[in-house]
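A short write-up of the structure that comes next.
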Amino acid sequence: MNFELDDVQRAAAAGARAFFAGSASPGDARRALGGGPVAPGRKALADIGYLGIPVPESAGGGGGSVLDLAVVAEQAGAVLAGPSLVTAARAAVLLADQPDLLAALADGSAAFAVLDGAGPSIDAAGADSFLALDGGALVVGSGKVTAGTPMDATRGLASVRLTSRTVLAEDAGERWARARDTALVVLAAEDLGAAARAVQLGVDYAKVRTAFGRPIGSYQAVKHALVDAWVGVEQLRSLVWWAAWAADSAPQELPLAAAAAKAFAAKTLERAAETCVQVHGGIGFTWEHDAHLYWRRAKVDRLLLGDEAEHLDAVAGLVLAGALDR
Amino acid sequence: MDFDDTADEAAYRAGVRELLDQHAAELVRLDSGEEAADAAQQERALRQTQRVLAEAGLVGVSWSREHGGQAGTLAQQAIVNQELARARVPTLINHIGLGMCGPTVVAHGTPAQHEKYLARLLRADDVWCQLFSEPASGSDLAALRTTAVLDGDEWVVNGQKVWTTLAHVADYGILLTRTDPDRPKHAGLTMFVVDMHAPGVTVRPLKQLGGQSDFNEVFFDDVLIADSERLGEPGEGWRVALTTLLNERVAVGGGGNDLGLSIESLATLARDRVPQLPPDRQVLARQAVGRASVAALANRYTGYRRYTAISRGGLPGPEASAGKLAGTAAAKLVADAGVRLLGDDAVYSRGPDSDDGRWQRNQAWLPGIAIAGGTDEVLRNIIGERVLGLPPEPREDKTAPFNAGSRS
Ligand SMILES: Cc1cc2nc3c(=O)[nH]c(=O)nc-3n(C[C@H](O)[C@H](O)[C@H](O)COP(=O)(O)OP(=O)(O)OC[C@H]3O[C@@H](n4cnc5c(N)ncnc54)[C@H](O)[C@@H]3O)c2cc1C
């Protein structure tokens, strides 16, 4: 058994951490709420090669694995970067037999979004090419975009009504499902990064803020809350790695692993972000502090691509159907 | 990344399976949670099971040859544990000896003690127990009051231990005592090997929450222990105890085995019961099964990360405490989902058939898991302080002489 990142993946994580530290931040996420651009933005993500990770080399991509993408997505989540690598992951599966569109995905010349019916879809706000399932067929088209006031502007959420459509593949239900499962893995990976950073912010503050003559981190109510959030993060990391590995190497395990990862991610990020706000006290409730940006990400992400209840039910269904009897 | 055995591991595993097949008739088989009818007979059978396994080279796998082990790796030990679980062999009777007492004797014992104890411990010729907790010192272990006073070349021991697992069947124990009450609490302790059959040792079984008796209170009245049975120097008992506690972490931090009943057994039960529920209840039951499964899977795969670290030669650090914390929580979710699926039988302590009883017994065992070997709260303190680097609580009990402090 070898359930650990390898040296190349660890180096990729370090590289991604450095890239995102210099190109996106919670400050950018705050500015995006006031109408500023989403950082680092599609072009920067294309130029560094991250949008192309799931795209085969033959189509101008990096030919990476879902795990490679998840490792980068974790770092993207840590600084609340956008647009989401979820979109790249999902589009790459849907466009597997469309080399031209894949190339446009990788080099950022097309702005894709994948639509989940009429509801809010990730990265739709800035997109020009929409992928959708239309009566069992996979279609691409343009559309009319309607966005509400964003709770987390980095997610680019908007509803889209297609105004044109070209059929890319008939009977695409299975591919659609696999693309959505892959998207769940990458979303959970971004949530992992965000949750880990939120816990770290809380831990750092608990070491320096004093009350009643001692650091607040020495009080068990504070310490134990942070520990529970941290334990959740480490457990989530295991599910994300498993699910990413399944997407690459054991597709029959992907539905269970992806649903488990997404369900756990929803709770874990929410707990981490709420703990982060609570540990900071009054300052954590201010607009200027970063805590609420993680809190926003948590409150939004938990509902994207199916909420916890939906994925718990999916897990139960798979377990009852014998997914664990191997 | 993969979940496969290496070629070496696969060959080792195949060898283990073959040995287990070969000795199948001599081994006790039990589903975790099942209870045997006759305790004395069960004890004999469990001792024999361990002896057979030891003779087959499947006990003390990672121990060195000079100590009677197989000089294998911790990964090989984990493989043996997995295969024993797969073959439905219950926890080895000497698990406390193997996990905690033995490694402590190895690390701090004299060659004469190694010679005298280790091979017999591996074969369960002698069963061991860990005599640490006392009525007034569980979490705060260093506050213990059992005294040992040197008289010539013997120590005279007086006091009481409690919640001592296996003491009722044990032949030996490792015993932590206070030998110098004038020094601060951690500095005045000394560790011994005690003969549980020695005059003055009285063991009284305690009945647990679930009605079983796995642990005991143990009284020491002028029990004599030869100085040659000391483990480590006088006053060094805390350091010796830390060896025990570190090994406790290795013992629980192994290969991602479930602490309670498995998700697979929950799946089997749920397949049978969920379809019998009214539709609105099915929704709720599926949420519970889903939540328990996700928690248990998260814990299982986190265990695989620890296993990977171990198989590369690492030792689990304080972060392994998270495994027990999360594993206990997951096991409680699994047990709760299972018990609720029993319907009306969930309110009885034991259902009409053995499968029901398994869930109820497990439900009644898990509160103990959240306490034994470090309570959930104590584990949170350890993780908070040693992993996250949060400041400890202010304490005054570490520096004052033990007999000057507030002892209650
Ligand atoms: C099934 C079982 C088997 C056991 N087997 C053995 C054995 O073989 N050998 C042995 O020596 N002992 C054994 N024990 C004893 C076990 O180690 C102790 O029960 C445990 O360490 C807790 O100590 P305590 O019972 O004195 O509780 P206390 O320490 O009195 O704790 C009571 C409550 O206070 C909390 N608390 C205590 N200190 C703190 C703190 N610093 N911060 C926050 N909360 C705190 C605890 O978490 C707990 O909720 C066993 C216990 C059980 C349940």
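- Between A:G317 and B:R286, the shortest heavy-atom contact is CA-NH2, 3.5 Å.
- Rounding to the nearest 0.5 Å places OH of B:Y301 at 15.0 Å from CG of A:L236.
- With a 4.5 angstrom heavy-atom cutoff, B:D4 touches chain A only via backbone atoms.
- With a 4.5 Å cut-off on non-hydrogen atoms, A:E234 touches chain B through its backbone and its side chain both.
- Put simply, of A:V222, A:V315, A:N2, A:V227, the one with the most heavy-atom pairs under 4.5 Å next to chain B is A:N2.
- Side chain to side chain, B:E377 and A:Q220 fail the donor-acceptor criterion of an N or O pair below 3.5 Å.
- Here the closest non-hydrogen pair linking A:V319 and B:S293 is CG2-OG, 3.9 Å.
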For A:E4 and B:R312: C-alpha separation, side-chain torsions, deciding distance, then whether salt bridge (charged side-chain N to carboxylate O under 4.0 Å, His left out) applies.
CA-CA 11 Å; A:E4 183 47 271; B:R312 292 177 182 174; 5.1 Å; no
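- In this structure, A:S218 and B:P392 approach most closely via the heavy-atom pair CB-O, 3.3 Å.
- Interface summary for chain A: among B:N381, B:V289, B:V283, B:D5, the most heavy-atom pairs under 4.5 angstrom belong to B:N381.
- Of the two parts of A:D248, neither the backbone nor the side chain holds a non-hydrogen atom closer than 4.5 Å to a non-hydrogen atom of chain B.
- Note that CZ of A:F3 and CZ of B:R305 are 7.0 Å apart. Values are rounded to the nearest 0.5 Å.
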A:W245 vs B:F3, test: ring pair (Phe, Tyr, Trp, His ring centres under 6.0 Å). Steps then yes/no.
CA-CA 10 Å; A:W245 169 85; B:F3 296 91; 4.5 Å; yes
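- At a 4.5 Å heavy-atom cutoff, the contact between A:L67 and chain B is made by side-chain atoms alone.
- Contact annotation for B:E9: only side-chain heavy atoms (C-beta onward) come within less than 4.5 Å of a heavy atom of chain A.
- There is no contact between B:D376 and chain A, counting heavy-atom distances below 4.5 Å.
- Contacts with chain B (heavy atom to heavy atom, under 4.5 Å) involve these residues of residues 264-280 of chain A, listed by number: A:F264.
- In this structure, B:A298 and A:S238 approach most closely via the heavy-atom pair O-CB, 4.1 Å.
- Using a 4.5 Å cut-off between heavy atoms, B:L325 contacts chain A through its side chain alone, with no backbone atom that close.
- For the atom pair B:R380 CZ and A:D228 CG, the distance stands at 4.0 Å (nearest 0.5 Å).
- Only the side chain of A:V231 comes within contact range of chain B, with at least one heavy atom under 4.5 Å from a heavy atom of that chain.
- Heavy-atom distances place both the backbone and the side chain of A:D313 under 4.5 Å from chain B.
- Here the closest non-hydrogen pair linking A:K223 and B:G384 is CG-CA, 4.0 Å.
- Neither the backbone nor the side chain of B:A309 comes within less than 4.5 Å of any heavy atom in chain A.
- Shown here for A:G217 and B:L390, the closest heavy-atom pair between the two residues is O-CB, 3.9 Å.
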